[in-house]
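Since the structure comes first, as structure tokens, the remarks are kept for the end.
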Amino acid sequence: MQTNFKKYSLNLRGRLVEIVHPLVMGIVNATPDSFYDRSRVLDHDAIVARVREMVKDGADIIDLGACSTRPGSEQPSAEEEIRRLDIAVTALREAAPDVIVSVDTYRADVARHCVEELGVDIINDIAGGDLDPAMYSTVAQLQVPYIVMHMRGTPETMQQFTEYDGDVAAVVLEELARKVDTLHQLGINDVIADPGFGFSKTVEQNYRLMSCLEVFHALEVPLLVGISRKSMIQRILGCTAQDALNGTTVLNTIAMMKGAHILRVHDVKEAVEARKLVCFTRNQ
């Protein structure tokens, strides 16, 4: 396994943040239908409580979502997504004014609103720009870090697109490489790549990506891994999302040993503990 950790920096609205060890990104969903029910927080007080808990447990980033992207999910309108995010970001800033804030959206107008009106630091796009042709140019204008994830189709249809011409890791790497190059050419300097575990992939394909995760360092950008409590764990262990924490920790540990820079998780405390042990081992 890879033990060297390549360091990067991110420009967050004029504040330079060095990634010197894996960052932990806590998931907060302002949605009624996200696949893991404990991640759902719909009102101001619940969001404040959840964010305070995550920051106390060591979260470096809070990732807010207001539009469920689980397989087969129906998408709210942009207006409804913005309404939810207005509540969520306001509550988050009250709970933790200094934490890094990412918003999970594939809509350019939502991204612009969140950065310009709400002061969000990072845009996390599960569609990698494919569902809104204005996303790349918008992020280029906003000049915020952009997480480009690999997915085919839409959240409703993505599991129809799991046929890959050749090795899934090679194909995903090639498709992400083209997007990273395009983003750089548009002047987006801070790009983060996400292979998209669970999106347009079978269980076997997900584990193929994990087994050779280190190949994605060829992109020369920070690497985000999001496998928390997903069905790729549930189906192998025969458990539910509620019982998938141990499997999540195992895969997060493997990802960190392979050089992952950001872990997107529901359970911050456990991810921070895993990071501490991995970093201690790496430094021996």
Side-chain angles (χ1 to χ4, degrees), residues 1-12 15-27 53-63 98-100 102 121-122 124 145-150 167-170 172-173 176-177 180 189-198 201 205-230 232-233 236-237 244-284:
M1 285 189 176
Q2 173 162 329
T3 56
N4 296 324
F5 182 83
K6 185 172 182 179
K7 298 177 182 179
Y8 289 95
S9 62
L10 297 174
N11 185 343
L12 302 176
R15 174 167 59 121
L16 196 65
V17 173
E18 301 284 344
I19 306 178
V20 297
H21 57 64
L23 302 180
V24 174
M25 172 188 277
I27 301 167
E53 177 187 15
M54 287 184 163
V55 171
K56 178 177 177 289
D57 287 341
D60 303 291
I61 306 168
I62 299 295
D63 189 50
D98 297 325
V99 76
I100 299 168
S102 167
D121 302 298
I122 298 171
N124 180 10
Y146 176 70
I147 301 170
V148 55
M149 197 192 81
H150 180 273
D167 178 68
V168 62
V172 172
L173 176 62
L176 279 175
V180 169
N189 298 316
D190 293 314
V191 179
I192 299 162
D194 179 349
F197 288 95
K201 285 100 180 169
Q205 289 166 345
N206 285 318
Y207 282 95
R208 172 60 182 162
L209 291 178
M210 183 61 73
S211 72
C212 56
L213 188 66
E214 58 267 43
V215 304
F216 290 93
H217 295 304
L219 297 170
E220 298 187 337
V221 298
L223 179 62
L224 183 149
V225 169
I227 49 82
S228 184
R229 296 183 180 266
K230 286 186 175 178
M232 64 180 284
I233 299 168
I236 297 298
L237 298 182
L245 175 56
N246 188 51
T248 296
T249 300
V250 170
L251 292 185
N252 279 336
T253 301
I254 293 171
M256 286 188 286
M257 293 299 290
K258 289 176 174 285
H261 297 90
I262 302 173
L263 301 177
R264 185 176 182 272
V265 301
H266 298 95
D267 307 279
V268 170
K269 180 177 182 289
E270 290 79 2
V272 169
E273 289 179 349
R275 176 180 69 189
K276 187 173 183 178
L277 294 174
V278 168
C279 289
F280 190 86
T281 301
R282 182 176 284 149
N283 292 329
Q284 297 311 300

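Computed from heavy atoms alone, side chains included, the values below leave out hydrogens, waters and symmetry copies.
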Which value, rounded to the nearest 0.5 Å, describes the distance between [X] atom [atom1] and [Y] atom [atom2]?
{"X": "I122", "Y": "I262", "atom1": "CD1", "atom2": "CD1", "value": "6.0 Å"}
{"X": "L263", "Y": "L223", "atom1": "CG", "atom2": "CG", "value": "9.5 Å"}
{"X": "D167", "Y": "L209", "atom1": "CG", "atom2": "CG", "value": "8.5 Å"}
{"X": "R15", "Y": "I100", "atom1": "CZ", "atom2": "CD1", "value": "5.0 Å"}
{"X": "L213", "Y": "K258", "atom1": "CG", "atom2": "NZ", "value": "7.0 Å"}
{"X": "I19", "Y": "I192", "atom1": "CD1", "atom2": "CD1", "value": "6.0 Å"}

I need the minimum non-hydrogen distance between [X] and [Y], along with the two atoms involved.
{"X": "G198", "Y": "N206", "answer": "N-OD1, 2.8 Å"}
{"X": "V191", "Y": "P222", "answer": "O-CD, 3.3 Å"}
{"X": "A244", "Y": "I233", "answer": "CB-CG2, 4.0 Å"}
{"X": "K201", "Y": "G196", "answer": "NZ-O, 3.0 Å"}
{"X": "S228", "Y": "T248", "answer": "CA-CG2, 3.7 Å"}
{"X": "A193", "Y": "V221", "answer": "CB-CG2, 3.7 Å"}

From CA spacing to verdict: side chain to side chain contact (heavy atoms under 4.5 Å, CB included), E270, N252: CA-CA 10 Å; E270 290 79 2; N252 279 336; over 6 Å; no
Non-hydrogen side-chain atoms of F5 and P22 separated by less than 4.5 Å: yes
Residue pair D121 / P145, side-chain heavy-atom distance below 4.5 Å: no
Sequence neighbours left out, what passes salt bridge (charged side-chain N to carboxylate O under 4.0 Å, His left out) with [X]? Give chain and number order.
{"X": "E220", "value": "none"}
{"X": "K276", "value": "none"}
{"X": "D190", "value": "none"}
{"X": "D57", "value": "none"}

Are any side-chain N or O atoms of [X] and backbone N or O atoms of [Y], one a donor and one an acceptor, separated by less than 3.5 Å?
{"X": "S9", "Y": "L16", "result": "no"}
{"X": "H266", "Y": "L245", "result": "no"}
{"X": "K7", "Y": "E18", "result": "no"}

Audit row: H217, H261, side chain to side chain contact (heavy atoms under 4.5 Å, CB included) steps and yes/no: CA-CA 10 Å; H217 295 304; H261 297 90; 3.9 Å; yes
Any residue meeting side chain to side chain donor-acceptor pair (under 3.5 Å) with D63, in chain and number order, not counting sequence neighbours: S102, N124, R264
Those residues that, when tested against K269, pass side chain to side chain donor-acceptor pair (under 3.5 Å) (two or more places apart): E273
List in chain and number order the residues that pass ring pair (Phe, Tyr, Trp, His ring centres under 6.0 Å) with [X], two or more places apart in sequence or in another chain; answer none if no residue qualifies.
{"X": "H150", "value": "none"}
{"X": "Y207", "value": "none"}
{"X": "F197", "value": "none"}

[X]: what forms a side chain to side chain contact (heavy atoms under 4.5 Å, CB included) with it, not counting sequence neighbours?
{"X": "V278", "value": "T253, M256, M257, R282"}
{"X": "V272", "value": "V24, V268, R275"}
{"X": "V99", "value": "V55, I62, L92, A96, V101"}

Verdict with reasoning, M25 to I147, per side chain to side chain contact (heavy atoms under 4.5 Å, CB included): CA-CA 12 Å; M25 172 188 277; I147 301 170; 3.9 Å; yes
